[in-house]
Structures are given as structure tokens and as C-alpha cells.
Amino acid sequence: MAMTDEQIERYSRHIILKEVGAKGQKKLLNGSVLIIGAGGLGAPAALYLAAAGVGHIGIVDADDVDLSNLQRQVIHSTADIGKAKVKSAKESMEAINPDVKVTTYRMFVDSTNIRELIREYDFIIDGTDNFPAKFLINDACVLEKKPFSHAGIIRFQGQLLTYVPGEGPCYRCVFKNPPPKDAVPTCKQAGVIGAMAGTIGTLQAMEAIKYLIGKGDLLTGKLLTYDALKMEFRKINLKKDCKCAVCGENPSIFEPIDYEQEVCEETAGRFATRDEQ
Amino acid sequence: MIITVAGEKKEYKEGLSLVELIELEKIDMPEYVTVSINDDFVSSEDKETTVLKEGDSVEFLYFMGGGC
Ligand SMILES: [Zn+2]
């Protein structure tokens, strides 16, 4: 399928890159990415992927836009408060680029829907805000042989890694099991700088783009950590754990697991106090 | 002896254990921190008994659950 004159103009800064070219841009236009979570990470990822012309973008989120989201979730605006996040996100993405087909899923991911959901996409972005969802997405991607980008952010810190089937460790190789409920604070409990979500979510979009065009080195076998206070990026080498419960030699996980979801509200005050000590 | 901790070379006493390093580095909630030595993960069973040696490179990998 040839690009229209308008597309050639719209994507001219991509097409001029020798790593992208018309061929790479067509790969983006024919590519698909599922973004799970239309929040701090999902917002910049969705905006950049839409602007880049990724042909089909799915976005999953059960929540509505809240005033406290707007400090970082740049895909939503003040007028969107009270609107479903996926609807607000879809409107912003389509406003940037009508080329993109956006599919919305207003729901929580769980063991009953995750495998089917990711199956039709080329690349998955984990932009969720809790460990049960992060392990669920990891296990589903390993089981369905789907590449995905994990990211986590808190305070002035962020991390990401990319899983590609057969090419290195998964999230569970590194972190084994979700921490007990409320043991490790979330960004709701501990706070996060909005620009941190922007930085890390944008890096997730970058990994998706590189995967789709097949250029460059992905963060497979690496954990990229970003400490904004020290302004320090580090890449930590990771090896696959041959004893990993989902991707190891003798796996014990054959279906994604529903771990207990944390309830943020009740514990927010307690963590805020402890974090300051 | 010299050990690299999170990319930074530091001087420690000979025979330093991983448990002692975790204390010296003030690692918060170490039970939820993954440790790697020379790119190999330390299993939770080995965390208590591991002794470090000259030239080791230690990384602490923290849970980060935020995304919201
Ligand atoms: Zn694994």
C-alpha cells in the first residue's frame, strides 16, 4: 500500500531517517500496539505512538479522568474530568492523527481477558500502576509469546525493561513474585514527578517503535534505571533465570494469575508518613 | 577490598557479607530488593550466606509499581 502525499508530508521527519525510511514508516502504519493503562506512562506512550502513525493502537483502562491525574497524564485535559480515560485518550490520539485506528477497552485486565486481549497486537506496553497487573501482563506475554515493555515509576525514579520472546529475561526472572499488598508503595502513595511519567512512558513508546521497525537495540536483558535527582541513567545487565516460574526450563505457571489488588486510599497516609522518615 | 555497588567503586573490609553490605548501604526493605552479583541474581535462600569478594559488582533492583 503506497502512502498518500499527506502521509509522506506528515511523516517526513521519520522517512528522512535512514533507520526508518518509507519502509519503516509503512511498518509503523501496519503495526499495532496495545497500551495497558491510560495513566502517567500510557499517556505519553499513546500520544507519541499515535503521532508516529502506528496503525492500530489499543488502550485499556477502567477509570475516569480525575483532577489529580492531570499533573502528569498529559493525554487528558481539564475538560475531560469525569470522562472515561480510554475515551479521552482516544479523542486526543485521533485529534493528533486521524490515520490511527484506536480501539478502547474500558475494563480492568485479569486472568480471564488478558491473553485474548494481547493476542491481536504486535507489541504491548505495560503502563499499569500495580504489581498484580504487572505480573499478569508479564506472564500473559510470556505465554502468548508477545514482546512487551515493562516500566515502573515512583517519586524521582523510573525503570524499564523490554521482554522479547526467546531473547532474554522476563519481569518475573528479575522480581519473582509480587510483593505483599501494601509492602512497596505505589506512586499514589509516595508521589511521582509528572515529567518522570513523561520520560519513562516516552521511552516505552521508543521501544515499541524500534521493535516495529526492527532497528536498534532493545532493552532486552537490561534494566534501564533513571534517577532524576542525580540525573543518572544506568543500564543494569539481567540474565534469564532458568528457574523462572513462567519462562524457565521447568515452568509452573501455565495461566496468568490474579493476585490481590491493592487498595490505595486506606494506606496512603501511612506510607506518606513512613516515606518521610 | 574494592567492590562496585550500583556502578560505583567503593572500599570495604575483607570478607564483607551481602547482609553487611545491605546494612552499610542502608537498603530499605531488603526482603523486596533483588540483588545481582556480577550479573547473576542472588536467590533469596543465598542472600543470608553470600560473602563478597574483591572486584564483585553488586546491583540492587527495586520494585517500582507506579505507572498511574
Ligand atoms: Zn522469566
Side-chain angles (χ1 to χ4, degrees), chain A residues 36-37 39-42 63 68-69 72-73 126-134 150-155 157-160 169 173-176 178-180 183-192 196-197 200-201 204 221 223 225 227 232 234-239 241 243 262 264 274-275, chain B:
Chain A
I36 306 177
L41 294 168
D63 289 340
S68 67
N69 299 152
R72 63 200 179 283
Q73 298 178 13
D126 169 13
T128 62
D129 61 358
N130 64 85
F131 295 108
K134 289 188 185 303
H150 150 80
I153 49 172
I154 195 159
R155 303 188 186 101
Q157 307 221 311
Q159 65 175 210
L160 68 159
C173 286
V174 186
F175 292 108
K176 311 293 181 253
V184 176
T186 66
C187 62
K188 181 162 187 176
Q189 296 154 343
V192 67
M196 175 57 69
I200 301 296
Q204 290 188 284
L223 183 75
T225 65
D227 181 329
E232 194 173 78
R234 296 190 61 237
K235 264 201 291 192
I236 300 169
N237 290 323
L238 307 171
K239 279 187 197 160
D241 178 4
K243 287 181 281 186
E262 53 224 294
C264 294
R274 189 165 85 190
D275 291 336
Chain B
M1 61 177 180
I2 305 287
I3 295 175
T4 306
V5 179
E8 216 178 303
K9 283 192 165 59
K10 292 182 177 181
E11 174 93 53
Y12 294 97
K13 65 163 183 149
E14 292 296 320
L16 185 79
S17 71
L18 179 57
V19 172
E20 289 172 310
L21 180 70
I22 284 168
E23 267 173 39
L24 286 169
E25 293 293 317
K26 301 188 176 67
I27 304 298
D28 198 24
M29 295 190 282
E31 63 273 37
Y32 305 126
V33 177
T34 298
V35 181
S36 77
I37 301 177
N38 307 326
D39 300 342
D40 284 317
F41 297 122
V42 180
S43 70
S44 46
E45 307 91 76
D46 292 344
K47 259 186 185 175
E48 296 293 317
T49 55
T50 297
V51 175
L52 298 160
K53 57 181 195 311
E54 173 81 33
D56 277 347
S57 176
V58 183
E59 295 286 354
F60 297 107
L61 309 168
Y62 299 91
F63 271 119
M64 274 182 214
C68 40

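Convention: sequence-line order gives letters A, B, ...; per-chain numbering from 1. Everything numeric in this text was worked out from a predicted model, so none of it was measured. In what follows, every heavy atom counts, from backbone to side chain, and hydrogens, waters and symmetry copies are set aside.
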- Message: Looking at B:Glu31, I'd like to know if its CD atom is crowded, meaning that more than 12 non-hydrogen atoms belonging to other residues, nucleotides or ligands lie closer than 6.0 Å.
- Response: yes

- Task: May I ask you to test the A:Ile154-B:Phe63 pair for a side-chain heavy-atom distance under 4.5 Å?
- Result: no

- Query: If you count the non-hydrogen atoms of other residues, nucleotides and ligands that lie under 6.0 Å from NZ in B:Lys10, is the total more than 12?
  - Reply: yes

- Query: At a heavy-atom separation under 4.5 Å, does A:Leu223 approach chain B through its side chain, its backbone, both, or neither?
  - Reply: side chain

- Item | Contacting region of A:Gln159 [heavy-atom separation from chain B under 4.5 Å] | both

- Message: For the CD atom on B:Glu48, are there more than 12 heavy atoms of other groups (residues, nucleotides or ligands in this structure) within a distance under 6.0 Å?
- Response: no

- Within 45° cone of B:Phe41 ring axis and under 6.0 Å: A:Lys176 NZ or CZ: yes

- Heavy-atom pair with the smallest gap, counting every atom of B:Thr34 and A:Val174: OG1-O, 2.8 Å

- Query: So do the side chains of B:Met29 and A:Pro185 get within less than 4.5 Å of each other, counting heavy atoms only?
  - Reply: yes

- Query: What are the two closest non-hydrogen atoms of A:Lys239 and B:Asp40, and how far apart are they?
  - Reply: NZ-OD1, 2.9 Å

- Mark yes when over 12 heavy atoms from residues, nucleotides or ligands other than B:Lys9 sit less than 6.0 Å from its NZ; otherwise mark no. no

- Pick from A:Gly201, A:Pro178, A:Pro180, A:Gly42 with the largest number of heavy-atom pairs that fall under 4.5 Å of chain B: A:Pro180

- Item | Which of A:Gly37, A:Gly39, A:Ala151, A:Gly40 touches chain B most, by non-hydrogen pairs under 4.5 Å | A:Gly40

- Report the distance from atom CD1 of A:Ile200 to atom CE of B:Met64, rounding to the nearest 0.5 Å. 8.5 Å

- If one checks every heavy atom of A:Gln157 against chain B at 4.5 Å, the contacting part turns out to be both

- Check each atom of A:Ala197 against the heavy atoms of chain B and say whether the ones under 4.5 Å are side chain, backbone, both or neither. neither

